[in-house]
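See below for the structure under consideration.
When reading the values below, keep in mind they use all heavy atoms of this one structure, side chains included, and skip hydrogens, waters and symmetry mates. Numbers for residues simply follow the sequence, beginning at 1.
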Amino acid sequence: MRLGFVGAGRIGRPMVQRLVAAGHEVRVLARTDAAAAALTEDGATPVRDLADVAADAEAVLVCVHTDDQVRQVGLDDGLVDALPDGALLIVHTTGHPGTVDALAERAAGRAIEVLDAPVSGGPHDIVAGRITLLVGGDDDAVTRARPVLAAYGDPILHVGPRGNGQRVKLINNAIFAANLGLLAAAVDLGAQLGVSEQSLLEALPHGSSSSRALEGVARARSVAGFAAAAGEFIGKDVAVVRQVVADLGGDLGALGAAHRTLADLLPVPEHARAMA
């Protein structure tokens, strides 16, 4: 397929590489000469503006860092306006479900389908072709998108209408952050009982309390060390889920209590402390 891509960074560039390897024609926004040279080496076609990314594309994928950047690229900078009628717009960035609705509203009447497809996993999973994709959107649009997403996604989970990909991903990340908060509390409990953090992290991954969060913490050798490395991403996504829940008049309940433990005990970035 003829594809456009915005956001070829830590997560996006291995996606581009796998799309090229799968035989797709990929034009990628490159703002610097160094980025253009790297993308050319990958087999993609670097371009300097969004109009060229979108020109004649059957699908355009967006994998920028924040929800605000999705709005900037899609609405303020005119990506949606530049899309051909009938194209797919696939948003991999984790953010507010209302953002993909705003993109769809901007594209109304032009048969453009907007899908939200946030990822769960890291660059190594993309390189291996096994990143989890949580996709929200119309059934037919998801079917059209699968040959593109299959270049790096497995499993590709269609979780309902547009916006549900973001909702499921935000719940996933709220649970992940809560698990880290519980682990911080567990380390404190261990200290009270005379058990070192090192001993806990050597033993717990082999027990029934194991989780993805615990595996990551054990590799980092401390809860604080893992949170320091991942705090930016955790804080960003938990801030979004808190906003979405507040917008809908909901409550995080026990998850919120675990988030407060994480924010109080660990050296996460200042904006992440807003989750307390």
Side-chain angles (χ1 to χ4, degrees), residues 6-7 9-12 61-77 79-80 89-108 114-122 132-137 157 159-184 212-213 226-276:
V6 180
R10 174 176 171 269
I11 296 292
L61 302 100
V62 176
C63 191
V64 292
H65 184 53
T66 68
D67 193 60
D68 285 344
Q69 289 172 347
V70 174
R71 286 182 171 270
Q72 179 70 42
V73 167
L75 301 174
D76 299 340
D77 295 345
L79 176 62
V80 172
L89 178 60
I90 303 169
V91 178
H92 283 312
T93 305
T94 300
H96 198 295
T99 295
V100 287
D101 287 338
L103 297 174
E105 289 170 10
R106 182 71 158 261
V114 180
L115 303 177
D116 51 313
V119 307
S120 182
T132 297
L133 297 177
L134 304 166
V135 186
L157 304 173
V159 294
R162 186 181 62 239
N164 269 18
Q166 299 291 11
R167 294 180 182 98
V168 173
K169 174 62 187 299
L170 292 170
I171 293 168
N172 173 83
N173 285 9
I175 295 170
F176 184 80
N179 283 342
L180 291 176
L182 292 175
L183 288 170
R212 291 276 185 92
F226 183 82
E232 178 184 358
F233 298 98
I234 296 166
K236 174 179 73 73
D237 291 348
V238 171
V240 174
V241 76
R242 286 177 61 85
Q243 183 62 54
V244 172
V245 171
D247 289 347
L248 297 175
D251 188 328
L252 285 169
L255 293 175
H259 294 168
R260 287 190 289 275
T261 299
L262 177 64
D264 289 342
L265 297 181
L266 301 179
V268 295
E270 285 302 315
H271 71 270
R273 293 189 178 275
M275 68 188 183

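The structure places CD of Gln69 at 10.5 Å from CG of Asp77, a figure rounded to the nearest 0.5 Å. The CG atom of Asn173 sits 11.0 Å away from atom CG of Asn179, with the distance rounded to the nearest 0.5 Å. Expressed to the nearest 0.5 Å, how far CZ of Arg212 lies from CD1 of Ile175 amounts to 12.5 Å.
Side-chain atoms of His259 and Leu252, non-hydrogen and from C-beta on, do get closer than 4.5 Å to each other.
Sorted by first and then second residue, the salt bridge (Lys or Arg N to Asp or Glu O under 4.0 Å) pairs involving residues 66-75 (not counting sequence neighbours) form an empty list.
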Decide yes or no on side-chain contact (heavy atoms from CB on, under 4.5 Å) for Val240 and Thr94, but give the supporting numbers first.
CA-CA 9 Å; Val240 174; Thr94 300; 5.9 Å; no
Begin from the C-alpha positions of Ile171 and Leu255 and carry the test side-chain contact (heavy atoms from CB on, under 4.5 Å) through to its verdict.
CA-CA 10 Å; Ile171 293 168; Leu255 293 175; 5.7 Å; no
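For the pair Val245 and Asp251, the tightest heavy-atom approach, listed with the atom from each and the gap, is CG1-N, 3.3 Å. The shortest non-hydrogen separation linking Val135 to Ala117 is CG2-CB, 4.0 Å.
Residues that satisfy the ring-ring contact (aromatic ring centres under 6.0 Å, His included) test with His96, not counting sequence neighbours, are absent from this structure. With sequence neighbours left out, the side-chain contact (heavy atoms from CB on, under 4.5 Å) criterion links Ala107 to Val80, Ile112.
Although no hydrogens or angles enter the test, the distance criterion places a donor-acceptor pair under 3.5 Å between the side chain of Asp116 and the main chain of Gly163. Side chain of Gln166 to backbone of Thr93: a donor-acceptor contact under 3.5 angstrom is found. Not one N or O on the side chain of Arg162 forms a donor-acceptor pair closer than 3.5 Å with the backbone of Val114.
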